[in-house]
> 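Have a look at this one before I ask anything.
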Amino acid sequence: MNPTRLHPECMKCLINKYMLVAPEGTPRATEMAYVHRFLSILAAASDECSAPVLLRQINDLRYELYGQQEDFGDIKRRFNALMLTQEGWMNEQIETADDPLLCAVRFAMIGNYIDFGAQNRVDEDQLRALLSDPDLIALHLKALEDFRQEVRTMKRMVYLTDNCGEIVADKLLIRAIRRLNPSAEIVAIVRGMDVLNDATMEDAKQVGLADEARVIGNGTRIAGTWLPAISPEARTLIEGADVIVSKGQANFETLCSCGLNVYYLFLCKCDLFAKRFDVPKLTGLMLRDRELGEFERRILPDLSE
């Protein structure tokens, strides 16, 4: 049975954000053509599809008819720089923590707040507030302990990144993982091309991600990791990894129920995710793909306090 990855709430979100947003001065005929084809994209989507895959098609349509894409270049550079100013003390917090892996995972989850896809606005003051008290991020403890044990014995990990700025915290989590298993191969995969404020090779270079892992692009401009569309190199690495870390909601949307040994780390930033997991917005979740059904039945009974 194919997994259901697309929900009515996702359709509503795409409609609200993209259906009636046209550049000023667009001819009526062009705008009507866009609306008709936009609705056709949604109408043709299967349950196995996901919002990030549809967004790629919508962005391609916008470029074809309007000749423009959203430019997040300045935003990405700003949030990369902002998080780099926090890197030193975050690293110190991790190194002096009673449980460095737990602390690093929490910071990596907080970094997932920097998301201009799931949110219309990223509040820098709220980001700093979240970073200042990472202990407020509760975790599914069984998933964390399973992850810890697997990290110690794995030979290869693939780390799927999500957003700009967030990858500074990802770098610190990868560093903490390396301390548990110095001999493991770790490959970080960023987006192959610009999409929203997602991390690309340019962002990886700005924050020094290659200091902690080999970094490659996934070959696509999809805001997630859609296995049928990514490059053969990226897919081979993912499918051959002992452990996969998947950051962010979009990677979850495109990969969930894929059957691989994926650990998902993200903040619930939209109403759908908060409702699905019965948690308040900005709750951090660590889920294992192979246990998603069981997890959703239990709904977080053992979150850390």
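Because only heavy atoms are used, hydrogens play no part in the values below, and waters and symmetry mates are left out as well, while side chains stay in.
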> A side-chain contact here means heavy atoms from C-beta on lying under 4.5 Å apart; do Phe38 and Ser40 qualify?
no

> Taking the six-membered ring for Trp, are Phe266 and Phe277 parallel (under 30°), tilted (30 to 60°) or perpendicular (over 60°)?
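Tilted.
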
> Stepwise, does the side-chain contact (heavy atoms from CB on, under 4.5 Å) test hold for Leu101 with Arg179?
CA-CA 9 Å; Leu101 181 65; Arg179 293 193 184 101; over 6 Å; no

> I need the Ser246 OG to Met286 CE distance, nearest 0.5 Å.
11.0 Å

> Spell out, as yes or no, whether a donor-acceptor pair under 3.5 Å connects the side chain of Thr254 to the backbone of Thr225.
yes

> Is a salt bridge present between Arg175 and Asp170, judged by a nitrogen-to-oxygen distance below 4.0 Å?
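Here Arg175 does not pair with Asp170 in a salt bridge, since their nearest N and O are not under 4.0 Å apart.
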
> Pick from Thr200, Asp162, Asn163: which one makes a side chain to side chain donor-acceptor pair (under 3.5 Å) with Arg191?
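Going through the options one by one, the only one that passes is Asp162.
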
> Quick one, Thr236 and Glu233 - any side-chain contact, counting heavy atoms below 4.5 Å?
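No - every pair of side-chain heavy atoms lies 4.5 Å or more apart.
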
> Carefully, step by step, assess Ile230 and Leu227 under the rule side-chain contact (heavy atoms from CB on, under 4.5 Å).
CA-CA 6 Å; Ile230 62 176; Leu227 292 175; 3.8 Å; yes

> Decide side-chain contact (heavy atoms from CB on, under 4.5 Å) for Trp89 and Leu131; before the verdict, give the C-alpha distance in whole Å, the side-chain angles of both, and the deciding distance to 0.1 Å.
CA-CA 10 Å; Trp89 78 263; Leu131 289 170; 4.2 Å; yes

> Show the numbers, then the answer: is there a salt bridge (Lys or Arg N to Asp or Glu O under 4.0 Å) between Asp211 and Lys171?
CA-CA 8 Å; Asp211 294 341; Lys171 181 173 69 169; 5.1 Å; no

> Would you confirm whether Arg5, through its side chain, and Cys256, through its main-chain N or O, come within 3.5 Å as a donor-acceptor pair?
yes

> Under 4.0 Å between a side-chain nitrogen and a carboxylate oxygen: does that hold for Glu185 and Arg156?
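Result for this pair is yes, salt bridge flagged.
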
> Under a 4.5 Å cut-off applied to non-hydrogen side-chain atoms, are Val262 and Phe252 in contact?
no

> Tell me whether Glu239 at atom CD has more than 12 heavy atoms from other residues, nucleotides or ligands lying less than 6.0 Å away.
yes

> Taking side-chain contact (heavy atoms from CB on, under 4.5 Å) as the definition, give me every residue that meets it alongside Asp271, ordered by chain and number, with sequence neighbours left out.
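Applying side-chain contact (heavy atoms from CB on, under 4.5 Å) to Asp271 gives Lys281.
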
> With no hydrogens and no angle check, is any side-chain donor or acceptor of Thr96 less than 3.5 Å from a backbone partner on Glu92?
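At least one qualifying donor-acceptor pair exists.
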
> Glu70: which residues meet the side-chain hydrogen bond (donor to acceptor under 3.5 Å, both in side chains) condition with it, sequence neighbours left out?
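Checked Glu70 against side-chain hydrogen bond (donor to acceptor under 3.5 Å, both in side chains); zero matches.
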
> May I ask you to test the Val21-Tyr18 pair for a side-chain heavy-atom distance under 4.5 Å?
no

> Quick one: are Met154 and Asn181 in side-chain contact, heavy atoms under 4.5 Å?
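Heavy-atom side-chain distance check passes, below 4.5 Å.
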
> Establish, from distance only, whether the side-chain atoms of Arg235 and Asn218 form a donor-acceptor pair under 3.5 Å.
no

> Can the ring centroids of Tyr66 and Tyr34 be said to lie less than 6.0 angstrom from one another?
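Yes.
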
> For Glu145 and Arg148: C-alpha separation, side-chain torsions, deciding distance, then whether salt bridge (Lys or Arg N to Asp or Glu O under 4.0 Å) applies.
CA-CA 5 Å; Glu145 292 313 309; Arg148 192 193 309 273; 3.0 Å; yes

> Examine Met193 and Val195 and state if one hydrophobic cluster contains both, with Ile, Leu, Val, Met, Phe, Trp and Tyr joined whenever side-chain heavy atoms are less than 4.5 Å apart.
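No, separate clusters.
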
> Quick test of your reading of the model: are Lys76 and Asp203 salt-bridged, counting only N-O distances below 4.0 Å?
yes

> Looking only at side-chain N and O atoms, does Tyr113 offer a donor or acceptor that is under 3.5 Å from a partner on Glu166?
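Side chains of Glu166 and Tyr113: no pair found under 3.5 Å.
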
> Run the salt bridge (Lys or Arg N to Asp or Glu O under 4.0 Å) test on Glu150 and Arg288 for me, step by step, so that the C-alpha distance in whole Å, both residues' side-chain angles and the decisive distance to 0.1 Å come before the verdict.
CA-CA 12 Å; Glu150 290 208 74; Arg288 193 178 185 187; 2.7 Å; yes

> Inspect the surroundings of NZ in Lys155 and state if more than 12 heavy atoms from other residues, nucleotides or ligands are less than 6.0 Å away.
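Atom NZ in Lys155 is not packed in, count stays at 12 or less.
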
> Quick one: do Asp289 and Tyr264 satisfy side chain to side chain donor-acceptor pair (under 3.5 Å)? Show the steps, please.
CA-CA 7 Å; Asp289 191 87; Tyr264 300 103; 2.6 Å; yes

> Can Arg121 and Asp115 be said to form a salt bridge (Lys or Arg N to Asp or Glu O under 4.0 Å), step by step?
CA-CA 8 Å; Arg121 176 175 176 269; Asp115 185 345; over 6 Å; no

> With distance as the sole test, does Asp194 use its side chain to make a donor-acceptor pair with the main-chain N or O of Asp71 at under 3.5 Å?
no

> Given the rule that I, L, V, M, F, W and Y join up when any side-chain heavy atoms are under 4.5 Å apart, are Val105 and Met157 in one cluster?
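Same hydrophobic cluster.
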
> Salt bridge or not between Asp146 and Lys142? Use side-chain N to carboxylate O under 4.0 Å.
yes

> Does Lys269 reach the main-chain N or O of Gly248 with its side chain, forming a donor-acceptor pair under 3.5 Å?
no

